[in-house]
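Below is one structure, written out as structure tokens; comments come after it.
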2 protein chains.
Amino acid sequence: MIYGDLEAILRAHAMRITACRIDVLDSFLGTGHALSFKDLEGKLTQYDRVTLYRTLNSFIDKGIIHKIFSDSGFISFGICYDTCSPHHHHHNHVHFKCDACGNIECLPSYHVPVPEISGYKITEANLLVNGLCSKCISN
Amino acid sequence: MIYGDLEAILRAHAMRITACRIDVLDSFLGTGHALSFKDLEGKLTQYDRVTLYRTLNSFIDKGIIHKIFSDSGFISFGICYDTCSPHHHHHNHVHFKCDACGNIECLPSYHVPVPEISGYKITEANLLVNGLCSKCISN
DNA sequence: GTATAAATGCAATAGAGTTGCAAATAGATG
DNA sequence: CATCTATTTGCAACTCTATTGCATTTATAC
């Protein structure tokens with residue numbers, strides 16, 4: 001992605017522009033799927049693990065990325081599509097995890113069907129779907 | 001629960017009857033919601049942490065309980081309703097997490113709506129719903 | 001250029017979960 | 001009931017993920 005665009009995203013969220021943040025943001029925008037901490041750690045070896053953790057946490061706080069909890073117990077991070085305000089994420093898209101390649105994708109065009117549960121008040125719903133992604137299904 | 005019934009469940013899964021397994025099983029059957037490791041550790045202090053972990057893992061292997069991944073990142077465990085064979089769990093019920101009391105419930109009468117995703121093969125779907133449970137909503 | 005608040009790197013720490021191994025025990029056998 | 005064996009348990013040590021404290025560095029406002 002063009003460097004100026006990355007800078008603009010950080011500025012739009014009132015964040016200082018640092019090399020680490022630019023690189024992490026670029027990683028998210030340059031891939032079609034969610035990233036785990038390990039993905040980033042393996043790719044951006046020039047930064048300390050702690051800095052990467054803090055970068056991810058500040059991106060979550062600012063509403064730039066969101067956590068994805070998969071059945072592996074590992075947490076992945078995906079770019080936010082709709083407007084997530086600081087400290088408040090609004091996601092209603094489906095998450096897909098491919099059991100072959102292990103990649104997790106956000107499917108922003110697939111909304112989570114929220115069931116009515118009598119006697120309960122529902123505020124949020126997360127749907128994780130497992131299977132084979134389009135790439136792995138054709139191999 | 002009656003001790004003989006607990007014994008019968010273990011025997012039906014070809015497991016040796018031990019005090020820890022009886023107590024863990026009784027904990028699951030005596031509560032209306034899922035249990036975290038911490039719940040069990042706090043309740044069954046007479047057993048070693050490692051023994052509790054191994055008990056939970058063997059119950060999962062045998063299809064007696066299943067893991068529930070919530071948005072907190074903590075794993076909870078729920079009794080299996082439908083027939084889960086060893087090493088293969090079949091769950092299609094909704095999981096609910098109350099944001100007030102923190103309890104996680106299995107809702108066996110609410111099935112997970114599985115979306116069709118073009119170009120993808122879907123094998124499983126997990127739905128976690130957040131909100132207020134019936135107890136907390138009336139307080 | 002300088003001041004200052006924020007970000008970084010390193011070391012230490014916290015917490016969840018697992019593994020190795022010796023001791024204890026469930027359950028099968030005679 | 002005694003004995004044998006495979007399973008289970010408890011303890012210690014360890015692995016892995018993630019966080020915190022603190023000194024140093026850096027981005028940005030002036």
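From a predicted model like this one, the values you see are computed outputs, not experimental measurements.
Across all non-hydrogen atoms, the minimal contact from Cys136(A) to Ala100(A) is SG-CB, 3.7 Å. Heavy-atom minimum distance, Glu7(B) versus Ile22(B): N-CD1, 3.9 Å.
The base of dG27(C) has none of its N or O atoms less than 3.5 Å from a complementary donor or acceptor on the side chain of Arg11(B). No N or O donor and acceptor, one from the side chain of Arg54(B) and one from the base of dG17(C), sit under 3.5 Å apart.
Between Ala19(B) and Ala19(A), the residue whose closest nucleotide on DNA chain C is further toward the 5' end is Ala19(A).
Set against dG9(C), dA7(C), dT19(D), the side chain of Tyr47(A) has dG9(C) as its closest nucleotide. Considering only side-chain atoms of Val50(A), the nucleotide from dT18(C), dA11(C), dA7(C) that sits closest is dA11(C). The Ile75(A) side chain lies nearest to dA18(D) when the options are dC10(C), dA6(D), dA18(D).
Residue Tyr53(A) places at least one side-chain N or O closer than 4.0 Å to OP1 or OP2 of dA18(D). For dA18(D), neither phosphate oxygen OP1 nor OP2 lies less than 4.0 angstrom from any side-chain nitrogen or oxygen of Asn57(A). Remark: Arg21(B) is in phosphate contact with dT8(D), judged by side-chain N or O atoms under 4.0 Å from OP1 or OP2. For dA26(C), neither phosphate oxygen OP1 nor OP2 lies less than 4.0 angstrom from any side-chain nitrogen or oxygen of Thr18(B). Residue Lys38(B) places at least one side-chain N or O under 4.0 Å from the OP1 or OP2 atom of dA16(C).
The interatomic distance linking Leu56(A) (CG) with dA7(C) (C1') rounds to 15 Å, in whole Å. Taking atom CG on Asp61(A) and atom C1' on dT19(D), their separation rounds to 14 Å, with Å as the unit. As rounded to whole Å, 11 Å separates atom P of dG10(D) from atom CG of Leu44(B). Atom CZ of Phe74(B) and atom C1' of dA14(C) are 12 Å apart (whole Å). Residue Leu52(B) contributes atom CG, which lies 14 Å from atom C1' of dC11(D) at whole-angstrom precision. Between the CD1 atom of Ile60(B) and the C1' atom of dG17(C) there is a distance of 12 Å, rounded to whole Å. Following rounding to the nearest Å, Glu41(A) (CD) and dC16(D) (C1') show an atom-to-atom distance of 11 Å. Here dC21(C) presents its C1' atom at 14 Å from CG of Asp48(B), a figure rounded to the nearest Å.
Here His66(A) and His95(A) bring their ring centres to under 6.0 angstrom of each other.
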Using the side chain to side chain contact (heavy atoms under 4.5 Å, CB included) rule, take Glu105(A) and Lys97(A) through it: C-alpha gap first, then chi angles, then the decisive distance, then the call. CA-CA 6 Å; Glu105(A) 294 174 51; Lys97(A) 182 179 173 215; over 6 Å; no

Report the C-alpha separation of Leu56(B) and Phe37(B) in whole Å, then their side-chain angles, then the decisive distance to 0.1 Å, and conclude whether the side chain to side chain contact (heavy atoms under 4.5 Å, CB included) test is met. CA-CA 9 Å; Leu56(B) 289 169; Phe37(B) 178 78; 3.8 Å; yes

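Arg49(A) comes within 4.0 angstrom of a nucleotide base, judged by non-hydrogen atoms across all strands.
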